[in-house]
Protein chains: 2
Amino acid sequence: MLNQTPNLDQMFQALADPTRRAMIDRLSRGPASVSELAKPFDMSLPAVVQHLQALEASGLVSSQKVGRVRTCQIEPAALSLAEQWLNERRTLWMQRLDRLGEYLEATAGEEEPK
Amino acid sequence: MLNQTPNLDQMFQALADPTRRAMIDRLSRGPASVSELAKPFDMSLPAVVQHLQALEASGLVSSQKVGRVRTCQIEPAALSLAEQWLNERRTLWMQRLDRLGEYLEATAGEEEPK
DNA sequence: TTGTTACTTAATTTTATGCTTAACCAAACT
DNA sequence: AGTTTGGTTAAGCATAAAATTAAGTAACAA
């Protein structure tokens, strides 16, 4: 089943937890079942599942259940959305810096010529 | 003063709040004082300052005080770090998909020739 | 059909967040 | 000197988040 409207609040919230980032990291190497995802963590299964729910609610991960195993995978479009948000703000700032630099260069030596 | 070791937990945590994202958005258009940043929000000044502290602790924003006004600006390198983390996982996943696609294409028609 | 595997649900506890008000401090006006 | 402006500190409170244990369900395997 496809998921939620991707929402930046939930996405960044999901990414703020090291366990959840480790899960995304694992999933970036390919799909995995809930118990495969749980294996590396010293944590109860329900806790892992709650993290997974946070990831799914955010849209970053999707899953489907076949028989009794739930298989999870990354939702690259959602990752991309968060990425873009950051990129837009950063480049806006950097463009401003560039213009400021050009201005300073252009007006250099007007008040105090070398 | 330059800030914290940028830490993904704190960065994504900082980005998870809409007020804080709005502040970054504002700062992407240029530096601002604390009260300028506070103006758009229906919220006490101390609350705004707490958000600002979260942003500074994460490394996403830095500030310096001159006289009695504190001026804040974006720290583009930190934004870039979060961006990269997302990008690396997403491209890893997508490369995997590509290889899978090629494989399927290469083996197409071996079992059921059109 | 009995047991095991792979989750799922529910209840509870602990800790962290986001916000408020009140009081305070120091720079800049008048 | 007295007042306003810009920000800081501290205490308290309500809600949300992260984890636990205990109990339950459905698929598959022997």
Atom pair distance, as rounded to whole Å: NE2 in B/H51 and P in C/dT17: 12 Å
Out of A/I74, A/L55, A/L60, which residue meets the side-chain contact (heavy atoms from CB on, under 4.5 Å) rule with A/L27? A/I74
N or O in side chain of B/K65 less than 4.0 angstrom from C/dA26 OP1/OP2: no
Hey, is the main chain of A/S28 close enough, under 3.5 Å, to the side chain of B/R89 for a donor-acceptor pair? no
Can you tell me if CE on B/M94 sees more than 12 non-hydrogen neighbours from other groups inside 6.0 Å? no
What integer distance in Å separates A/M43:CE from D/dT20:C1'? 11 Å
For residues A/V69 and A/V49: do they belong to one hydrophobic cluster (side chain heavy atoms under 4.5 Å, members Ile, Leu, Val, Met, Phe, Trp, Tyr)? no
For nucleotides 21-30 of chain D, give me one character per nucleotide, 5' to 3': B if any protein heavy atom sits under 4.0 Å from the base, S if the only such contacts are to the sugar-phosphate, - if neither. BB----BS--
Length of the line joining A/L37:CG and C/dT8:P, which is rounded to integer Å: 12 Å
Under 4.0 angstrom between A/S35 side-chain N/O and C/dC7 OP1 or OP2: yes
Checking B/R96 against B/W93: charged group under 6.0 Å from the ring centre and within 45 degrees of the axis? yes
With the side chain defined as heavy atoms from C-beta on, B/R70 is closest, among C/dC19, D/dG7, C/dT8, to D/dG7
A/Q53 CD to D/dA16 P: how many Å, rounded? 17 Å
Please state how far atom NZ in B/K39 lies from atom P in D/dG7, giving the value in whole angstrom units. 10 Å
Whichever of A/T71 and B/D42 has its nearest DNA chain C nucleotide further upstream toward 5': A/T71
Looking at B/Q13, is its backbone amide N or carbonyl O close enough to the side chain of B/R20 to form a donor-acceptor pair, meaning the two atoms are under 3.5 Å apart? yes
Separation of atom CZ in B/F12 from atom P in D/dA17, rounded to whole Å: 18 Å
Distance, rounded to the nearest Å, where A/Q64 contributes CD and C/dA6 contributes P: 18 Å
Assign the ring pair B/W85 / B/F12 to parallel, tilted or perpendicular, where the plane angle (0 to 90°) is split at 30° and 60°. perpendicular
Would you mind classifying the nucleic acid contact of A/S33 as base, sugar-phosphate or nothing, using non-hydrogen atoms under 4.0 angstrom? sugar-phosphate
To the nearest angstrom, how far is B/D9 atom CG from D/dA17 atom C1'? 14 Å
